[in-house]
**Q** 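Sharing a structure here in structure tokens format.
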Amino acid sequence: MAPYNEACARCGERDLVRGAVLDAHGGGVSCASCAASLRGQGARPLSAEVRAMLALAAAQPSLEKAALYASENALDPETERAAGQAMTAILSRYIARPLRSLEFIAKMIAASG
């Protein structure tokens, strides 16, 4: 299931220019108004660039195509890292325990940066 990225996952507000946060528990992005009630629930600021990258990834027909797109396009490393962290947080909502493969990938990314 792709994260809801075009509007607030909680109230449907489409104006996400100011104050949008990652709402992993809600399954996507929350607006500034809803974000105020998310303290302590893993909510963190989410830039327009990261939201755009998540939308591009979600538009791909498969994870393989999304990875290929990312490798073929010069993406800002900080935006790419933040988008990866956002996807990991959202994925964690759907699994019962941490995946070792995600831990390994995070270590490899940290070592290469």
Side-chain angles (χ1 to χ4, degrees):
M1 174 181 228
Y4 196 57
N5 194 26
E6 298 296 317
C8 177
R10 299 208 178 238
C11 72
E13 173 64 52
R14 297 190 72 75
D15 181 11
L16 300 174
V17 175
R18 282 181 253 177
V21 298
L22 171 65
D23 179 5
H25 295 290
V29 176
S30 286
C31 67
S33 296
C34 291
S37 67
L38 298 175
R39 296 186 200 280
Q41 295 186 32
R44 60 178 158 218
L46 199 62
S47 71
E49 294 82 12
V50 172
R51 287 194 333 270
M53 180 178 267
L54 292 174
L56 282 172
Q60 302 304 314
S62 68
L63 288 176
E64 181 180 1
K65 294 287 186 185
L68 182 61
Y69 175 86
S71 69
E72 291 177 345
N73 293 279
L75 303 173
D76 173 43
E78 184 57 36
T79 301
E80 189 172 341
R81 184 175 10 262
Q85 290 170 343
M87 288 305 300
T88 300
I90 292 168
L91 178 61
S92 296
R93 173 179 181 242
Y94 297 100
I95 56 176
R97 59 188 171 91
L99 298 176
R100 287 190 212 167
S101 57
L102 289 178
E103 292 173 16
F104 175 75
I105 292 168
K107 288 177 184 177
M108 298 309 301
I109 290 171
S112 68

**Q** Let me know which of Cys31, Ser30, Cys34 forms a side-chain contact (heavy atoms from CB on, under 4.5 Å) with Val21.
**A** Ser30
**Q** Which heavy atom in Val50 sits nearest to a heavy atom in Ala83, and how many Å separate them?
**A** CG1-CA, 3.8 Å
**Q** Looking only at non-hydrogen atoms, find the nearest pair between Ala86 and Leu22 and report the distance.
**A** CA-CD2, 3.7 Å
**Q** CG/Asp76 to CZ/Arg81 distance, rounded to the nearest 0.5 angstrom?
**A** 8.5 Å
**Q** Any sub-3.5 Å donor-acceptor pair from Arg10's side-chain atoms to Asp23's backbone N or O?
**A** no
